Amino acid sequence: AREVVAARPGFAAAQYMLGSLYLSKGSLPQAVEALSAAARLAPNNGVTHLTLASGYERAGNVDKALAAYKRTQALLPNDPRPYNNAAWLYAVQGKNLDEALALARKAHDLTRDTPAMAPGLAGVLDTLGFVHYRRGEYAEAEPLFRRAAELATNNVTVQYHLGLIY
């Protein structure tokens with residue numbers, strides 16, 4: 001991919017591929033650089049913005065991650081991932097919890113209503129439960145954590161979140 005980018009730096013797909021490869025290897029600065037280039041070259045590609053948001057998030061740049069998730073929401077309004085991921089970031093920070101709740105509910109609605117998204121339901125339920133937990137709404141969080149734990153029996157994070165309620 002580096003050779004293609006070197007030969008054709010204006011080729012968005014090559015920048016995206018290079019950025020994705022860097023991201024998978026944990027080379028976050030290089031991933032963000034290549035994915036940012038891909039997003040500039042293909043500003044209406046929602047998958048590119050979603051991947052860039054993930055890169056920013058993994059690199060610890062929460063503000064840029066949230067901005068990229070917001071852009072992805074506009075480009076991919078029926079994809080629950082940018083809503084869920086932004087809700088998670090807000091909840092982890094303990095900030096904008098009303099916005100986090102709205103985003104988590106949107107992700108839940110999209111996931112629940114789309115059979116193809118069913119594999120992601122446990123993560124979405126966990127995020128929605130965690131938002132309620134951070135808001136001090138333990139009675140609302142418990143059934144969401146319980147259902148997420150039933151769906152993701154081997155996910156220690158989901159199991160841990162359920163344990164927070166007790």
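As the structure is a computational prediction, the values presented were derived from the model and not from experiment.
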Minimum-distance pair of heavy atoms, taken over all atoms of Y69 and E57: OH-OE1, 2.5 Å
Transitive ILVMFWY side-chain link V92 to L162, under 4.5 Å: yes
same_hphob_cluster(L144, V131) at 4.5 Å side-chain heavy-atom cutoff: yes
Heavy atoms of other groups near Q30 CD, more than 12 under 6.0 Å: yes
Atom pair CZ (R134) and NZ (K95), whose distance is rounded to the nearest 0.5 Å: 11.0 Å
Joint cluster assignment, L66 & L52, ILVMFWY side-chain distance < 4.5 Å: no
Backbone N/O of P77 and side chain of Y83: donor-acceptor pair under 3.5 Å: yes
Identified ring-ring contact (aromatic ring centres under 6.0 Å, His included) counterpart of H161 within the set Y166, Y133, W88: W88
Non-hydrogen atoms of G123 and N84 that approach each other most closely: O-OD1, 3.9 Å
Spatial distance of atom CG (L128) from atom NZ (K106) [nearest 0.5 Å]: 14.5 Å
Transitive ILVMFWY side-chain link V32 to Y16, under 4.5 Å: yes
Which atom of V47 lies closest to which atom of N45, heavy atoms considered: N-OD1, 3.1 Å
Closest non-hydrogen atom pair, A122 against A148: O-CB, 3.5 Å
R71 side chain to A53 backbone, donor-acceptor under 3.5 Å: no
Nearest-0.5 Å distance, CG of residue L28 to CG of residue L23: 6.5 Å
Test item: H108 side-chain N/O and L125 main-chain N/O as donor-acceptor pair under 3.5 Å: no
Nearest-0.5 Å distance, CG of residue L103 to CG of residue N85: 10.5 Å
Shortest non-hydrogen contact from T51 toward S20: CG2-OG, 4.1 Å
L35 CG to Y56 OH distance, which is reported to the nearest 0.5 Å: 9.0 Å
R112 with D109: basic N within carboxylate O range, under 4.0 Å: yes
Exercise: identify the closest heavy-atom pair between A91 and L97: CA-CD2, 3.8 Å
Among N44, T48, L50, side chain to side chain contact (heavy atoms under 4.5 Å, CB included) partner for L75: N44
Linked, directly or transitively: L164 and Y138 (ILVMFWY side chains, under 4.5 Å): yes
Donor-acceptor contact present, side-chain N61 to main-chain K64, <3.5 Å: yes
Side chain proximity check, F145 to D126, heavy atoms < 4.5 angstrom: yes
Side-chain (Q15) to main-chain (S36) donor-acceptor, under 3.5 angstrom: no
Spacing of CZ belonging to F130 relative to OH belonging to Y90, to within rounding of 0.5 Å: 16.0 Å
